[in-house]
K.L.:
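Before I ask anything, let me first share the structure, which is written out below as C-alpha cells.
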Amino acid sequence: MPTTDHGFFVNNAWLIPFFPLLGALIAAAAGRQLRGLAHIPVVAGIGLAFLVSLGTFASAGPEVTAVASNWMTFSGLDVPIEMRVDGLSTMMMSMVTFVSCLVAIFAIGYMSGDPGYPRFFALIGLFVFSMTGLVLSNNYLLTYVFWEGVGACSYLLIGFWYARPSAAAAAMKAFLVNRVGDFGFAIAIFWLWTVMPGHDLSYGAVFEAARATDPVIIQHSAIVGISLLFFWGATAKSAQIPLYTWLPDAMEGPTPVSALIHAATMVTAGVYLIARSMPMISLAPGVQIVIAVTGCLTALLSAAIALTQFDLKRVMAYSTVSQLGYMFMALGSGVGDVAQLAVVAAMFHLFTHAFFKALLFLASGSVMHAMGDVIDMRRFGGLRNRMPVTYWTFAVGAVGLIALPPFSGFFSKDEILGAIGAVAGATHVARELHLSWSWVYNVIYLLAILTAFLTAFYTSRAFFMTFWGPEKLPSPDDPEVAGMADAHGHDAHSADAHGHGHHEIGHESPLVMTVPLMILAGCTVLIGFICLLTWPVAGGPVEWFDRHMEKTLAFETLGTAEHGFSIVTALLGTAVGVGGIWLAYVMYGKPSPLPGRVRAASGPLYQASLNKFYVDEIYGILVVGPLRAIAWLSGIFDDYVVDRLVTGIALIPRAIARARLAATQNGLIQHYAAGSAISVALLLVVIVFGIGALAVVLGVLAILLYIGSRPRSAAVTTAPRVIKADGDI
Amino acid sequence: MPATDVFSLDVLRDYLLIGAALFALGMLGFLSRRNLIVMFLSAEMMLQGTALSLVAFGRYHGNWTGQVFTIMILTVAACEASIALALIVILYNRRSSLDVTLWQDIREEGVAATPTSVVAEEAEPIEAIPGPESYPNLTPAGVEPAHPVQPWIVTRD
Amino acid sequence: MDMWKEILPSWSAIGEMLIPALVVGLGAIGTYLMLPHRHGVARPRVLFGAGAVAAGLGLLGFVAFWSPPGPVLPTVFLYIFGVTSVIGAVLTITSRDPVASALWFASVVLSTSGLFLLADAPFLAAGTIIVYAGAVVVTFLFVIMLAQMEGKADYDRAARSPAMATVISFLVLWCLVYSVATVRTGPPGDESPMGRLAHEDALHRSYNLETFLGDSDEPVIHQALTPTAQISEPPPPPDPSAPVDRPSGRAEKPNVAGLGASLYSDHLVTAGIAGALLFVALIGCVAITNPRRPIRPGHDPAQVAAVGSIRP
C-alpha cells in the first residue's frame, strides 16, 4: 500500500477521532474525581479534533489517504484502518467537530448539577469519535463499524435519563429502528463483498469496479440492489420514511443530545453515506427516483406533522426530518449531468442545516432551561424581553431554516430546488431512465416548494408562539394544561429526572449557554455572506463550496453541466418563505381567534396532523403487535418446552448419582487415587493387549473385589468397613 | 554412519524397567499406606521412576530434553514436598495423628464416615522384641571436665 | 482349526505374556505379604520373611529381563544400582516405621542418582542427591520427629485394603514390563531402524499403534525407540576441525554446559515456569503454616488468643 506524505495533518488524521475518544475515556475513567469538571477533557478533545480537521482542509484531495493501522487480514479480506481525507470528509469532519464542540460547551451549562454529568460528557466524546471515524474511514466495513458505534452512542444518550420510562422506551425505539436499517447496510456490504474482485471494500475500488464497463465487474442488477440497500440503511440513520419514527422521540434525551443527533453526528450519517456512494448510485437512476420520492414524501409528511405540534422540540425534530428529506430529494435528483450539482446541493444544505438546526435546538434547550423544563408552547409566550439573546439567535436560526436571503439556508435550499428544477426541465432524464419518468421530478419540484412554504409557516409559528404575544410563564395552575393535555405529555414528567432545577423560572440562560448560540447564529449569517461575497468572484453563490467538494473521491465521474442561478426558483422560494411567515404572524403573532377557527374548519385533518398521522399507531398494529405475539409464543415455548427439557435431562444424572455414585464419594484420598490408578491400569491393558483383555481383567478385578468385601470373621463383621448409607437418596 | 552408541536399546529398556518398577511400587505405597508421610514418600518415588525413564530416553535420543524435564520434575517434587510437609505439620497440630483416614470431610453429603476404629483391628500385632531391651554401654574416656559455674553464654563477655 | 490359530495367541506369545506375569505375580505376592496388615493369627515377622523371599524371587526374575550394557563396569554398577533401588522401594513402602521408610527412600534416591550417572547425567545425579537426599529426606525426617506419636502407631501397622492396591499397582507394572521387556533387537547385523524392530511383534500383536495414534508413515513407537539422529534427516556433514570420534547423538558441548545451554535457550520458558512454581510454593508454605488462625465470625477474639488454636 503506497504511503505518500501529505503533510502532518493528513498523516495524523487518526488524531481526529482519537482526541474525542481520549477525552471520553478520561471523563469515563476519572469521572468520579472530576465530577463537575468532567467536561474539560471532552470539550478539549473535540476542540483539538476540530483544529486538526481544519488542518486537513488545505491538503484535502480526491486520492489523499492515510493508513493508521491494519485492522484485519484474513482469507483475502484486507481491511486497513485507512483514512480518506478528501473534500467531502474534511467538510463533514470540520462541521461535525465544530458543532459538537459548541454543543458540548452549551451542555456545560445545561447539564450542570446532573448526577450523570461525567457519563454524559464521556458519551458525547464517544459519539463524536464514532461520527468522525465514520466520516474518515476509507472502506465500507470500517464505516459500518462506526455506523454501529453511532447507533450505540445514540441509544445510550437518548436513554441518558434511563430512570424515566419514556426515555428508556425512546432509546429502545431508536436502537431497534436503527437496527432495521443497519440490517440493510450489512446486507449491502455482504453483497458487495461477494461481487468485488479481491473482496476489496474500499471506496475507490468499489467505485472503480462499479464504473468498469469493459469487462463489466459488477452487474447492473447488483449495483441497483446494493444502492437500494444502502438507501435502506440511510433511511433509518437519517430518519426517512418508513423508518423516521425514532427521531421525534429521540428528544427524550437531554437537549444537547438532540442538537447533536439532529445537526451533526447522527442523522447526517445516512446522507453522508449516500453522497459518498453517489459515484455508484448515480449509475442506477431508478434507485435515484426512489430516493427522491422518499425524500420528498418524508419532507412533506413531517412538515405537515410539524404544523400542529405544541412541543417546541418536537417541531424542531419534525423540521429536521423534513430538511433531511430535502437532502435526499437533492441526492435523488442527481441524474445524469445534474449529479455534481445535486451532491453539492445536498451536502451544502447538510452543512448549513447543521449550524442553524443546532442553533435552533440549543435555543429551544435554552428556553426549556429557563422555563423549568416546560417545553409546551401553550404554557409560555412572549419571552422576547426576558430572553433577548435566545430570542435573537432563535430568530436568526429560524430565518435560516425558512431560507430567506441572505442567510445560509437560502442558498442551500435554493441550490436544492435548482437541482430538482434542472432535472425536471432536462430532457436527458427521460433518456437516462428509459421511461417517461421525468414528470416525477416536476411533481417533486412543486411539492418541495410546498414544503418550503410549510417550513416557513411552522417555524414562524413556533417562533411567534414562544417569543411574541403577551408574556406568559409556565405555572402549575395553567388552565390550558388540564384542558389541552397533549397525547404524549412530554413535559409532565421531565422535571423529576432532570437535576438542574436550581434556577428561577424565566431568566436568560448563563453565558456558557448563550455564547455557543451566538457563535452558531454568527456562522449562519456568515455562511450566507460568504455566498454573497464570493458570488461575483467565483461566478456562483455556492461555487466556493463546490470547489472544495471537487476534491472528493470519484467526484469527477459524476455528470456535470452548467446550471446558472435560477432567479425564478430563488424568487419562488423567497416568496413562499415570506408568505409562510406572514400567515404565521397573522395567526400567532398576537392572540387571535384564527387558529381556533382553522382548527375547527380543518377538523379530522388537523387531528391527524396533531397525532402524527397515526404512523406510530399503524406501526404498532402492523409490526410491533405481531412481534410481541411471536415473542410471547417464544417465551411460552422456552419456558414450558425448552426449559423443561433441559432441566428434565439434567435430572437424570442427578438421580443416578444420588442413587448409586454418591456412596463412592467417601472423602478418602486414597479411594480417589485408587480410582485413577485403576483407570490407568485398564487403559494400559487396552493399549497393550487389546480391548478383549479388558473383559478378562475386569472379571478378575470383580472377583477380587468380591472376595475382599466378604465378611471375614465374626470379630470383623461387628464393625463393617464402610457403613452403607441407605436412607439419604 | 555414526559410531554405535553404547547406550543401546537394551540399556534403555533396563532403565525403563527400573523406572516402571519404581513407579508401580510408589503407586502401591500411595494407595495402601495410611501414614501421610509415607504416602508422600511414595509419591516422590513415583516421580523418581518417571525421572529415570526421562533421563534414559534423553540419553538414548542424544538430546537434553529428558534432563530438562527431569529438572522440572525435581522442581515440582521440591514444591510438592514443601507444601506437603507444611500441610502435614498443620494437620498433625489439629488431630495429633498422621492417619489419612481422619481427613475425609470432603465426602458426599449423606455418606457415612469411614470408621477409623477398624485401624486397630486391621493392624498387625506388636511382637515383643525377644530378650531384654539393651542399650550400648559406652566406656567413659578421659577425665570428666569441670562444669562451668555459670552458663558459658554469660561468661563470654 | 486355522480359525482357532488365528484367534488364539501362539504358544510363544503366551509364554511372553506368562513369564512377566509370573515374575510380577511373585513380586506382588511378596509385597502383599510384606505390607503391614493383620492376617489372622499369623505372626508378622514370619509373614514378612515369607514375603521377602517371594519378592526376592520376583526381583531375580525381574533382573533376568535386563540385558547388560556391555562393558563390565557399567554392567556391574547398573545391576547394583537397579537392584538396590527396587529393594529400597519395596522397603520404603513396607516399613512399619516412617523413619525407616524415609531412610530407605534415601537409598532409592542414591541408587537412582547412580543410574543417572551411568546415563551420562552427572548434573542431575548431583542435583538429585542434593535436593532429595540432602534436603527433602532430611526435611521429612525433621517433620517425622516433629509429628511422630509415641511408640508405633496403629495406622503404621495397618495398610488399607492391601490386596486391591497390590493388584492394581502390579497390574500396571505387568503391562509396563510386558510392553517394554519384550522389545528385542533384530538379528545381529541388521542395524537399520526397521530391522531393529522387524521382529518386534509386540507392536503388531493386538494393536497397531500406527492407526491408534495417528497416520504417520512410521509407527509412533518406532519413532520413540529410534535415536533422533537416525529418524530425522541425516546429520550435517561433520566439521573437519571437530574431533571425529564422538559418540553418536551426543551434543557438541560438555555435559553440564550443554544442559545449561539447552535449559536456557530451548527451554527458557520451562526454567521460568519452574522458578515461578518454586516461588508460589514458597508463598503457599508461608501462608499455610501461619500460626495465627483467622478469627471468624462467631469466634470470640479473646478466647482465640487464650486457647491459641481451636480444635475443629
K.L.:
Closer than 4.0 angstrom, basic N to acidic O: yes or no for C/R157 and B/E122?
P.N.:
no
K.L.:
Side chain, backbone, both or neither: which part of C/A102 has an atom under 4.5 Å from a heavy atom of chain B?
P.N.:
both
K.L.:
Would you mind checking which part of B/F69 comes under 4.5 Å of any heavy atom in chain C, side chain (CB onward), backbone (N, CA, C, O), both or neither?
P.N.:
neither
K.L.:
With a 4.5 angstrom heavy-atom cut-off, which part of B/T101 approaches chain C: side chain, backbone, both or neither?
P.N.:
both
K.L.:
Test side chain to side chain contact (heavy atoms under 4.5 Å, CB included) on C/W66 and B/L17; report intermediate values, then the result.
P.N.:
CA-CA 8 Å; C/W66 303 356; B/L17 283 173; 3.7 Å; yes
K.L.:
Is a side-chain N or O of B/R33 found less than 3.5 angstrom from the main chain of C/I93, in a donor-acceptor match?
P.N.:
yes
K.L.:
Side chain from CB out, backbone as N, CA, C, O: work out which of these in C/F142 comes under 4.5 Å of a heavy atom of chain B, or both, or neither.
P.N.:
neither
K.L.:
Who wins among C/F62, C/Y132, C/F170 for the most heavy-atom pairs under 4.5 Å with chain B?
P.N.:
C/Y132
K.L.:
Check the pair B/I18, C/S85 against side chain to side chain contact (heavy atoms under 4.5 Å, CB included), reporting the backbone distance first and the verdict last.
P.N.:
CA-CA 8 Å; B/I18 298 171; C/S85 68; 3.6 Å; yes
K.L.:
Does C/A158 offer a backbone N or O that forms a donor-acceptor pair with the side chain of B/R34 under 3.5 Å?
P.N.:
yes
K.L.:
Treating C/Y155 as the side-chain partner and B/V119 as the backbone partner, does any N or O pair qualify as donor plus acceptor under 3.5 Å?
P.N.:
no
K.L.:
Just by distance, do the side chain of C/R38 and the backbone of B/E121 share a donor-acceptor pair under 3.5 Å?
P.N.:
yes
K.L.:
Counting only N and O atoms by type, is there a donor-acceptor contact under 3.5 Å from the side chain of B/D14 to the main-chain atoms of C/S67?
P.N.:
yes
K.L.:
Under 4.5 Å heavy-atom distance to chain B, tell me which part of C/F105 shows up: side chain, backbone, both or neither.
P.N.:
side chain
K.L.:
Going through the checks in order, is the side chain to side chain contact (heavy atoms under 4.5 Å, CB included) test met by C/M164 and B/L31?
P.N.:
CA-CA 9 Å; C/M164 272 311 285; B/L31 291 184; over 6 Å; no
K.L.:
What heavy-atom pair brings C/A89 and B/L22 nearest, and what distance separates the two atoms?
P.N.:
CB-CD2, 3.6 Å
K.L.:
Is it the side chain or the backbone of B/S82 that comes within 4.5 Å of chain C heavy atoms, both, or neither?
P.N.:
both
K.L.:
Of the backbone (N, CA, C, O) and the side chain (C-beta and beyond), which part of B/A84 lies under 4.5 Å from a heavy atom of chain C, both, or neither?
P.N.:
neither
K.L.:
Side chain, backbone, both or neither: which part of B/I88 has an atom under 4.5 Å from a heavy atom of chain C?
P.N.:
side chain
K.L.:
Please identify, among C/P71, C/G127, C/S95, the residue contributing the most non-hydrogen atom pairs under 4.5 Å to chain B.
P.N.:
C/S95
K.L.:
Heavy atoms only: give me the nearest C/S101-B/V38 pair and the separation to one decimal.
P.N.:
OG-CG2, 4.0 Å
K.L.:
Which pair of heavy atoms, one from B/M72 and one from C/T270, lies closest together, and at what distance?
P.N.:
SD-CG2, 3.6 Å
K.L.:
Select, from C/V63, C/L278, C/V24, C/T166, the one with the greatest count of heavy-atom pairs under 4.5 Å involving chain B.
P.N.:
C/L278
K.L.:
Specify the closest pair of heavy atoms between C/A281 and B/I83, including all atoms of both residues, with the distance to one decimal.
P.N.:
O-CD1, 3.9 Å
K.L.:
So what's closer than 4.5 Å to chain C heavy atoms on B/E44: side chain, backbone, both or neither?
P.N.:
both
K.L.:
In this structure, are over 12 heavy atoms from other groups packed under 6.0 Å from C/F48 atom CZ?
P.N.:
yes
K.L.:
Quick one: what part of B/L47 sits under 4.5 Å from any heavy atom of chain C, side chain, backbone, both or neither?
P.N.:
side chain
K.L.:
Looking only at heavy atoms, which two atoms of B/A20 and C/L176 are closest? And how far apart?
P.N.:
CB-CD1, 3.7 Å
K.L.:
Below 4.5 Å, heavy-atom pairs only: which of C/L118, C/V172, C/V83, C/V109 has the largest tally toward chain B?
P.N.:
C/L118
K.L.:
Knowing that exactly one of C/T94, C/V167, C/V90, C/L35 qualifies, which makes a side-chain contact (heavy atoms from CB on, under 4.5 Å) with B/L28?
P.N.:
C/L35
K.L.:
Run the numbers on B/L87 and C/T289 for side chain to side chain contact (heavy atoms under 4.5 Å, CB included), then give the verdict.
P.N.:
CA-CA 8 Å; B/L87 277 173; C/T289 50; over 6 Å; no
K.L.:
Can you tell which of C/S262, C/G27, C/G275, C/P74 has the highest number of heavy-atom pairs within less than 4.5 Å of chain B?
P.N.:
C/S262
K.L.:
Could you pull out the closest heavy-atom pair between B/L25 and C/V86, with the gap in Å?
P.N.:
CD1-O, 4.0 Å
K.L.:
Using a cut-off of under 4.5 Å on heavy-atom pairs, state which of C/L78, C/V136, C/I168, C/V131 scores highest against chain B.
P.N.:
C/L78
